[in-house]
Each structure stands twice: as C-alpha cells, then as structure tokens.
There are 2 protein chains.
Amino acid sequence: MQPLTTRQQAILDFIRRYIVEQGMPPTRADIGAAFGFASPNAAESHLKALAQKGAIRLEPGSARGIRLPEGVLEQVSERLDAHLRAMSEQLSLPLVGRVAAGSPILAQEHIESRHAIDPAMFAPRADYLLRVRGNSMTGVGILDGDLLAVHSTAEARDGQIVVARVEDDVTVKRLRRRGDGIVELIAENPDYAPILVDPSHTPLAIEGLAVGLIRDGFAR
Amino acid sequence: MQPLTTRQQAILDFIRRYIVEQGMPPTRADIGAAFGFASPNAAESHLKALAQKGAIRLEPGSARGIRLPEGVLEQVSERLDAHLRAMSEQLSLPLVGRVAAGSPILAQEHIESRHAIDPAMFAPRADYLLRVRGNSMTGVGILDGDLLAVHSTAEARDGQIVVARVEDDVTVKRLRRRGDGIVELIAENPDYAPILVDPSHTPLAIEGLAVGLIRDGFAR
DNA sequence: ACAACTACTGTATGGAAAAACAGTAACCCT
DNA sequence: AGGGTTACTGTTTTTCCATACAGTAGTTGT
C-alpha cells in the first residue's frame, strides 16, 4: 500500500472509528461534517485517493459503500489488544530489578518483566515483586533468590518486614523503632547484625511492606 | 426483548452476518435478495417488527441505517468472554485442600479455590497448589501455611522435595532412596525424625515434585 | 366466524447518498 | 516558470434507498 498523506490518514482513521462506533461506514456528508468540509466532494476526492492507494475499497453506486480491506473483526482487534493488555496488566505484577540510586522503585526502567500473578492474592495487595539477594532473612523463610511481594507504602508498624532504602541501598529487614528515635533494621539470621539508622542523620525511606513471597524453583 | 418469530430470527441472523461479512448493514433490497422477496417492502415490515420488539434500532432516513443494539464490539465480546474464561483457567492453579483417603489428589472435590498464577512461572510447570501443614520443612524455607506449587509426576530423583502419600497420608518431604530399597522421607527440621518406608510392605506413592512456593501473608 | 397477526407482492415517491463536472488555492518538484 | 499533487468549495445529476400506501393469503386465537 502506498504511503498516505497526513490528511488521508486522518480520514482513514475517522472511517475506522466511525465503523466501529456506528456499526456502518460513513457517507461523504458524514465525513464532511466531521472535518468541517463545506462540500461532500472534498470527502469524495479523499475517498478516491484512498481507494487508489489501496487503503479502502469503494463499492460503486452503493450507499455507505466503503470497505476496509481487513474486515470488521480486525478493526476491533486493536481495541481488544488494548483491553487484554490492560487486563493482563491488572492480573500481573512487575518484577523490579536492580534499583538505581535515587530513583523511585517502580520506575519503568526498573521493571525487568511481568509475572502473571493476581496482586489480590496478598493482603494488603501486592504492587510489585522484588528479587531477594542474600541470606539475611532465612530465619523467616525468605531465601536468596526468592521473589518478595511488596505492598508499596511508607507506613509500617513496629515488627513488620519492610523494604527499606538506606542511603540508596534497598534492603529487606524487620523494622523496629526504638524509644530513642533510632530505627533498627533487623536481619532474621544470627550471622547478620542489625543495622542501626538514625533517621535524623541518615536518609531512610520505607519503600513498602512484605506481603508475600514466591519461590520459583527448588533446583537452585 | 420480546420473543421473535422464526422468520424474524432468521432475518436478524442474516443482518448480523451481513454486517460482520460486509462491514456494513444491508439495505432492504439486500435482505429481499437474500430471502427471495419480490418486494423490498417485505424486508421493510420485518425490520419494523424487529425494531418494535427491540431487536434492532432503525436510523430514520439513513441508508443502511440498521443498528444492532449491542454494537459490533459487544457482538464479539461474547466470544471474547469465553476465550478469557478459558484463558484465566489456563493462567491459574487449583488450590488443593484436604485430600481424602484413597482418592486422587487432583479430584474435583479437593479443589478449594483457584488462584490467578501462571503455572509456567515454575519449571517444570506447576499443576496445583498444596497448603503446607506443620513445620517439618522450615529448614528449606517452607513454613506452615505456605502454598506449595507442585508438578504432578510419579518420578522423582534422589534428594528432591516431593509430595508423597504414605498409607493415605499426604506429606511434603525430601526424598532419599537407600541402597537397601528403603525410602527415606526426610524432614528439613532437626525436631522431626525421617520417615522410613519399605515400599514392598507399605503403600507409597510419589504424587508430585515441589517446584515452587507462595506465601500469601506475613501477618499470620 | 372474524379480528389480529404474520408474511408477503406491487407500486410509488421523496429524500439520501454517490458521483460527475467545474473551479480555486496552496505546495512540491525540477 | 509551470506541470503535478493535495486539499478543498460549489453545483448538479443520477441513482440508491427508505418508506408510505394498497392489497393478498395463511395462521392463530377467541
């Protein structure tokens, strides 16, 4: 098919939309009305150009005789795709990879892949998955390589397992707020010492709450 | 919508097909030609009857002005729904509850619920989820209440974590085949002693292989 | 037995829509 | 500088199509 001019493309798009929305092709007058043409002949000549270039087929002498070569179902399929994308988006969780310093954890460039898991399996609902590195949380059954389901929130209660960012370092630990204002990030493994952070001196951000876990292999 | 006569239904079906195939609604003459009418008025009165009963909507004065009330998209959406149902079936795993003695683990009556998780997340692919009871496998991070993703198979290699059935008792353990023919089902927790089974005397079946794990809450 | 409805034929007509003819004004190319 | 293309306006003609009116035949219900 030969390349279309901007105007021709706009008219073709209009015809497509019109068919999907109205269930029938537009008349010359319909096109004219949509584009503000004073004469139906403007539409007529555009249609001829489109037909010449093979973008449409014109049924001579027939009212609304504009045919799209691909058929109606394929017209719809674009929308369908969008729907399906939106749907699978809703039923899947992004796996967040290496998080760059200073950037938000859910930034597009951190999403390594998406996994088809219902976020509503977890309560509160999971917002993303984080691949766990290291053995600091083996005591609560969080192993190296596990995918941690995280609910994105800055609020965490004492004793909860959180995803925290200490000076651009993202880590999974149990949270403990001490009376003296110091925050303890406690590993669930006797080999690892608790991390003590003074929020008034060191940047500390609670990125989210651990709400679930997925282990995708025992053969590791 | 009021009930249609046989003839009216046939004409409605024709209109539907015509729209999908031709990309535009038929004229009265088109309908007449398809049904062998000598007069376009036959089609006209059928259309009026259909419009009266709410099966179609007629756009007065407009060529091919027959509208299906649901629109083309909704026509397709019925099919879509079926597809999506089939799809979500494919993208989910059954959660197997209490397994009754002597019955196959994947029997319909054991399926408590389905969870939207891609079976292909695990390798080999998971066939069902099993709620883990007890603390016998905490050493490999399988905690009480976790959902174990299981690949249904009777074949397991030495050292793999399996779902085994010993005398109608379903249990998750590490498999070890001894040289003397005795099978050891080893707990990953020093508090639990290995179970020794002599397959020649005691019924033992390997139900499947642990291929993954899902923990749906840390607040338990 | 007769009204009401369905399923048509046959004719007619006005408005809807396709499509041709005649122009104008930009813009691009060479 | 001028031919070709794009993007229109304006008008007219023909044909398509919707739709009204008049009528026939068969079926169903009461």
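Sequence lines set the chain letters: A, B, ... in the order given, protein chains first and strands last, and positions in each chain run from 1. Owing to the predicted nature of the structure, the values given are computational and were not obtained by experimental measurement.
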- Query: Quick one: does B/Glu207's side chain get under 4.5 Å of B/Val150's, heavy atoms only?
  - Reply: no

- Query: How bent is the helix from C/dA1-D/dT30 to C/dT30-D/dA1, comparing axes over its five end pairs at each side, to the nearest 10°?
  - Reply: 30°

- Message: Distance check, rounded to the nearest 0.5 Å: B/Glu44 atom CD versus B/Lys48 atom NZ?
- Response: 5.0 Å

- Task: Let me see the working for B/Asp13 and B/Arg17 under side chain to side chain contact (heavy atoms under 4.5 Å, CB included), right down to the final yes or no.
- Result: CA-CA 6 Å; B/Asp13 289 345; B/Arg17 232 184 352 161; 6.0 Å; no

- Task: May I ask you to test the B/Leu209-B/Phe122 pair for a side-chain heavy-atom distance under 4.5 Å?
- Result: no

- A/Asp216 and B/Met121: which non-hydrogen atoms are nearest, and at how many Å? CB-O, 3.7 Å

- Query: Do B/Val170 and B/Arg165 come within less than 4.5 Å of each other through their side chains, counting heavy atoms only?
  - Reply: yes

- Can you name the nearest heavy-atom pair linking A/Arg157 to A/Gln160, along with the distance? N-OE1, 2.8 Å

- Query: Looking at residues 58-67 of chain B, who's got a heavy atom less than 4.0 Å off DNA chain C?
  - Reply: B/Gly61, B/Ser62, B/Ala63

- Message: Below 4.0 Å from chain A heavy atoms, what is the first contacting nucleotide of DNA chain D and what is the last?
- Response: D/dT6 to D/dC17

- Item | Main-chain N/O of A/Asn135 paired with A/Asp144 side-chain donor or acceptor, under 3.5 Å | no

- Distance-minimising heavy-atom pair for A/Gly141 and A/Asp146: O-OD2, 3.9 Å

- Task: Examine C/dA17: is either OP1 or OP2 under 4.0 Å from a nitrogen or oxygen in the side chain of A/Arg28? Give yes or no.
- Result: no

- Message: Check the phosphate of C/dA18 against A/Lys48, side-chain N and O only, distance under 4.0 Å to OP1 or OP2. Yes or no?
- Response: no

- Query: Where do A/Pro199 and A/Leu204 come nearest, in terms of heavy atoms and distance?
  - Reply: CG-CD2, 4.4 Å

- Message: I want to check something: taking the side chain as every heavy atom from C-beta on, are A/Leu147 and A/Leu130 in contact at a cut-off of under 4.5 Å?
- Response: no

- Message: Using every non-hydrogen atom in the two residues, find where B/Leu68 and B/Arg16 come nearest and quote the distance to one decimal.
- Response: CD1-CG, 4.1 Å

- Message: I'd like to check B/Ile206 versus B/Thr153 (side-chain heavy atoms, cut-off strictly below 4.5 Å). Are they in contact?
- Response: no

- Message: Strictly under 4.0 angstrom, non-hydrogen atoms only: write out the protein contact profile of nucleotides 24-30 of chain C, one letter per nucleotide from the 5' end, B, S or -.
- Response: -------

- Query: Taking NZ, NE, NH1 and NH2 as the nitrogens, is one of them in A/Asp118 or B/Arg114 under 4.0 Å from a carboxylate oxygen of the other?
  - Reply: no

Within the sub-3.5 Å range, which N or O atoms of nucleotides 4-8 of chain C have a protein N or O partner, and how far apart are they?
| from | atom 1 | to | atom 2 | distance (Å) |
| --- | --- | --- | --- | --- |
| C/dA7 | OP1 | B/Thr5 | OG1 | 3.3 |
| C/dA7 | OP2 | B/Thr5 | OG1 | 3.1 |
| C/dC8 | OP1 | B/Arg7 | NH2 | 3.3 |
| C/dC8 | OP2 | B/Arg7 | NE | 2.4 |
| C/dC8 | OP2 | B/Arg7 | NH2 | 3.3 |

- Task: Mind calculating the distance between CE (B/Met24) and C1' (C/dA17) to the nearest angstrom?
- Result: 13 Å

Run the side-chain donor-acceptor check on residues 29-40 of chain A: report pairs under 3.5 Å with partners two or more places apart or on a different chain.
| from | atom 1 | to | atom 2 | distance (Å) |
| --- | --- | --- | --- | --- |
| A/Asp30 | OD2 | A/Tyr18 | OH | 3.0 |
| A/Asp30 | OD2 | A/Thr27 | N | 2.9 |
| A/Asp30 | OD2 | A/Thr27 | OG1 | 3.2 |
| A/Asp30 | OD2 | A/Arg64 | NH1 | 3.2 |
| A/Ser39 | OG | A/Asn41 | N | 3.0 |

